[in-house]
Amino acid sequence: MKVKIFHENIFTLQQGKKRFLATRNLTPGLEVYGERLVQVDEAEYRIWEPKRSKLAAMLLKKLPSPFTTTSKVLYLGSATGTTVSHVSDIVQQGVVYAVEFSPRTMRDMLPVCEERANIIPLLADASKPQSYANVVEPVDVIFQDVAQPNQASIALSNVQHFLKPGGYLLMSIKARSVDSTAKPDTVFKQQLKTLLEQDNSKLELVKKQKLAPFHIDHLGVVVKKTE
Amino acid sequence: MKTWFADIEINEDGSVAECSPCTQDVQQLAKRLLVFQADPKQIPLASFDPVKKAIECGFVSGKTEYYSLLQQTCIAATRLKIKNSYSPDLRIIHAVEALDDIDEAANLLAERLGIWYGEHFPEAGMLTENLAKFVAENGLRQDLPQDSQFRETALSSVGMEMDAEDGAIIKAFAADLSSLYERRHVIESYIRKNMEQLAPNLEKVAGANLGARLISMAGGLQSLSRMPSSTIQVMGANQALFKHLRGKATSPKHGIIFNHPLIKNSHPKIRGKMARALASSLSIASRVDAFSGRLNPVIKEKLDRKVLSIKEGDK
Ligand SMILES: C[S@@+](CC[C@H](N)C(=O)[O-])C[C@H]1O[C@@H](n2cnc3c(N)ncnc32)[C@H](O)[C@@H]1O
């Protein structure tokens with residue numbers, strides 16, 4: 001397979017006509033959730049399926065990646081660590097603070113944290129950022145995938161407390177979690193309004209993009225906090 | 001302000017005024033973390049950089065050590081929190097689901113035994129649990145004890161002959177099935193006992209089995225207690241409910257609570273009213289159970305009065 005750089009520490013592997021998104025495995029030999037491992041030359045890559053990860057879908061739908069090798073990331077709604085593990089690959093020398101509020105789900109993510117030194121698990125409610133403010137440092141990126149009715153305000157309160165000036169918020173808005181009867185576009189508009197039209201929220205929209213066909217009725221959003 | 005590794009006093013200019021770092025004991029640090037999480041006080045400012053301060057305070061000598069300790073602490077805290085997160089109604093949920101599994105398995109095996117043994121002794125005329133017990137105890141027609149009431153019928157049976165080897169196999173098969181039924185009874189009384197302790201009001205209004213089933217479907221007593229009674233009323237009527245939401249049917253009047261004698265034994269004309277009254281009573285019962293866990297007989301009495309008035313109104 002042919003390896004191309006897609007973004008910093010994010011790659012595409014080309015096999016014939018097929019192209020896969022991938023990250024370089026931080027823990028060679030170990031897979032996290034059954035993903036395919038591919039050896040190319042000296043490096044091992046983990047295939048990153050857009051259907052299984054909102055972040056992968058966002059990247060393939062051409063939203064910019066704000067991640068660097070040393071990024072500090074606050075990840076809200078980490079579930080069992082599928083996407084978190086790829087972020088952990090990307091920010092090799094950085095940190096991922098992974099917030100998840102379901103104990104049962106977190107139970108499945110713990111082994112991933114134990115294998116990867118740069119994931120800090122926080123079994124906490126993302127709508128109460130005060131509760132982990134004694135641990136989390138100011139971060140370069142906040143990624144959110146919580147699928148909750150109040151996702152925009154959850155994002156906002158975390159941005160206010162933890163995002164550095166110049167940092168980025170990436171979020172996936174799931175229309176049906178906000179309102180299962182309203183039109184997705186209406187929901188997206190209203191969530192973006194909550195996010196961007198606050199007094200001195202200092203947030204500006206960089207880009208938004210629907211995540212179909214990978215995820216139906218999801219909107220991917222990249223927002224920047226101004227200096 | 002409180003950080004995970006120390007209480008820190010900060011000067012106006014941001015420098016550290018006072019800081020006495022905790023010892024590097026991961027378990028202690030984890031407990032401290034959880035205390036803060038449950039009740040956040042003296043929250044660090046938004047721009048506060050804990051990594052720098054931890055080094056300044058002398059808690060750690062550098063970043064690598066900082067992150068390694070932080071990770072260990074957060075993993076330890078997460079483990080503790082997970083361990084304490086299991087609610088006691090989980091045992092009810094698992095038991096109810098085990099009952100369903102047993103039923104599914106038992107039905108399948110009972111059907112097999114019925115066909116198999118029926119080939120040999122079609123006149124026995126027993127089903128499921130009775131048949132399993134009978135075969136497990138007696139085996140084949142020719143092995144029936146002298147005083148068995150089936151002796152006569154067995155002698156004139158038109159069934160297929162079976163030998164000792166056939167008998168041993170079928171008898172063991174029936175014994176397995178029979179012990180499955182016994183297990184079912186044991187689990188049922190286990191559920192009853194646990195329901196009386198954990199959700200006495202629900203047990204009183206719904207009965208142990210239906211109450212446990214409601215808890216299981218809701219995913220726990222807490223979530224059941226947060227459901228509006230209209231949801232409880234149709235819980236388990238998923239297919240009918242989705243049809244209704246798609247606009248293809250009238251709203252369903254009862255889901256799993258249909259199994260309650262109040263509804264099952266009522267005239268169809270008043271079932272809707274009964275279901276509403278029962279659901280509302282179940283909702284109150286689950287709330288009281290989730291909140292205090294003590295039996296309050298008034299809930300059932302109120303339902304009984306309501307039921308009477310529905311029946312009166314129907315006359
Ligand atoms: C769609 S899943 C996330 C999937 C994950 N990002 C991935 O790609 O691997 C949403 C997760 O957010 C969690 N969640 C929802 N609300 C939350 C909250 N307020 N705080 C923390 N986690 C939350 C849910 O328990 C669930 O595991």
Side-chain angles (χ1 to χ4, degrees), chain A residues 70 72 74 78 81 88 91-139 142 157-165 167 180-181 202 225, chain B residues 1-8 22 29-30 32-55 59 63-87 90 93 219-220 223 242 245-247:
Chain A
T70 55
K72 312 274 197 283
L74 175 59
S78 52
S88 149
V91 303
Q92 297 158 20
Q93 291 154 51
V95 191
V96 189
Y97 295 94
V99 180
E100 168 59 53
F101 76 171
S102 149
R104 183 63 192 78
T105 309
M106 185 55 111
R107 196 168 90 190
D108 291 340
M109 193 179 74
L110 270 185
V112 187
C113 304
E114 278 157 0
E115 277 165 9
R116 295 167 168 262
N118 62 1
I119 305 178
I120 314 276
L122 291 163
L123 179 49
D125 185 343
S127 63
K128 298 194 179 88
Q130 322 85 290
S131 71
Y132 43 88
N134 64 335
V135 170
V136 178
E137 62 190 300
V139 296
I142 295 181
S157 57
N158 281 278
V159 162
Q160 277 159 353
H161 204 98
F162 299 112
L163 192 60
K164 285 183 197 166
S180 57
T181 54
K202 295 191 185 149
K225 190 175 189 177
Chain B
M1 60 182 70
K2 285 188 184 299
T3 68
W4 66 278
F5 57 85
D7 293 353
I8 304 180
C22 308
L29 288 166
R32 178 186 159 87
L33 199 87
L34 293 180
V35 169
F36 179 91
Q37 217 178 60
D39 183 18
K41 276 192 197 115
Q42 298 175 261
I43 299 154
L45 301 172
S47 58
F48 180 78
D49 184 349
V51 193
K52 257 196 201 138
K53 295 291 184 258
I55 300 171
F59 173 64
K63 284 190 177 176
T64 315
E65 192 187 0
Y66 176 86
Y67 286 116
S68 152
L69 253 162
L70 175 59
Q71 199 206 27
Q72 288 175 50
T73 300
C74 286
I75 289 180
T78 303
R79 285 178 170 284
L80 280 174
K81 210 171 169 192
I82 292 174
K83 240 184 138 67
N84 291 323
S85 69
Y86 302 105
S87 67
L90 260 183
I93 295 177
S223 20
F242 289 140
L245 289 179
R246 283 198 307 268

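On a predicted model such as this, the values are computed, not experimentally measured, just so you know. By convention in this document, chain letters (A, B, ...) are assigned in the order of the sequence lines, proteins followed by strands, and residues within each chain are numbered from 1.
If you measure heavy-atom distances from Thr3(B) to chain A, the contacts under 4.5 Å come from both the backbone and the side chain. For Val95(A), the part lying under 4.5 angstrom from a heavy atom of chain B is the side chain only. Of the atoms belonging to Ile82(B), heavy atoms from both backbone and side chain fall under 4.5 Å from chain A. Phe5(B) does not touch chain A: none of its heavy atoms, backbone or side chain, sits under 4.5 Å away. The parts of Tyr67(B) that come within reach of chain A are both its backbone and its side chain, each placing non-hydrogen atoms under 4.5 angstrom from that chain. Proximity to chain A (any heavy atom under 4.5 Å) is restricted, for Leu45(B), to the backbone atoms N, CA, C and O. For Lys2(B), the part lying near chain A is the backbone, with the side chain staying farther off; criterion is any non-hydrogen pair under 4.5 Å.
Residues Pro121(A) and Cys74(B) come closest through the heavy atom pair O-CB, 3.3 Å. The minimum heavy-atom distance linking Pro138(A) with Phe48(B) is given by the pair CD-O, 3.2 Å.
Between the Gln71(B) side chain and the Arg116(A) main chain, a donor and an acceptor come within less than 3.5 Å of each other.
Salt bridge annotation for Arg79(B)-Glu114(A): present, with a cationic side-chain nitrogen under 4.0 angstrom from a carboxylate oxygen.
With values rounded to the nearest 0.5 angstrom, Ile75(B) atom CD1 is found 13.0 Å from Leu123(A) atom CG. Annotation: the span from Arg104(A) atom CZ to Tyr86(B) atom OH amounts to 7.0 Å, rounded to 0.5 Å. The distance from the CG atom of Asn134(A) to the CD atom of Gln37(B) is 7.5 Å, given to the nearest 0.5 Å. Remark: Ser47(B) OG to Glu137(A) CD distance equals 13.0 Å, nearest 0.5 Å. Atom-to-atom distance recorded for Glu100(A):CD and Thr78(B):OG1 is 11.0 Å, nearest 0.5 angstrom. In this structure, Lys81(B) NZ and Arg107(A) CZ are separated by 16.0 Å, a value rounded to the nearest 0.5 Å.
Using a 4.5 Å heavy-atom cutoff, the side chains of Pro50(B) and Val135(A) are not in contact.
Atom NZ of Lys128(A) has 12 or fewer heavy atoms from other residues, nucleotides or ligands within 6.0 Å.
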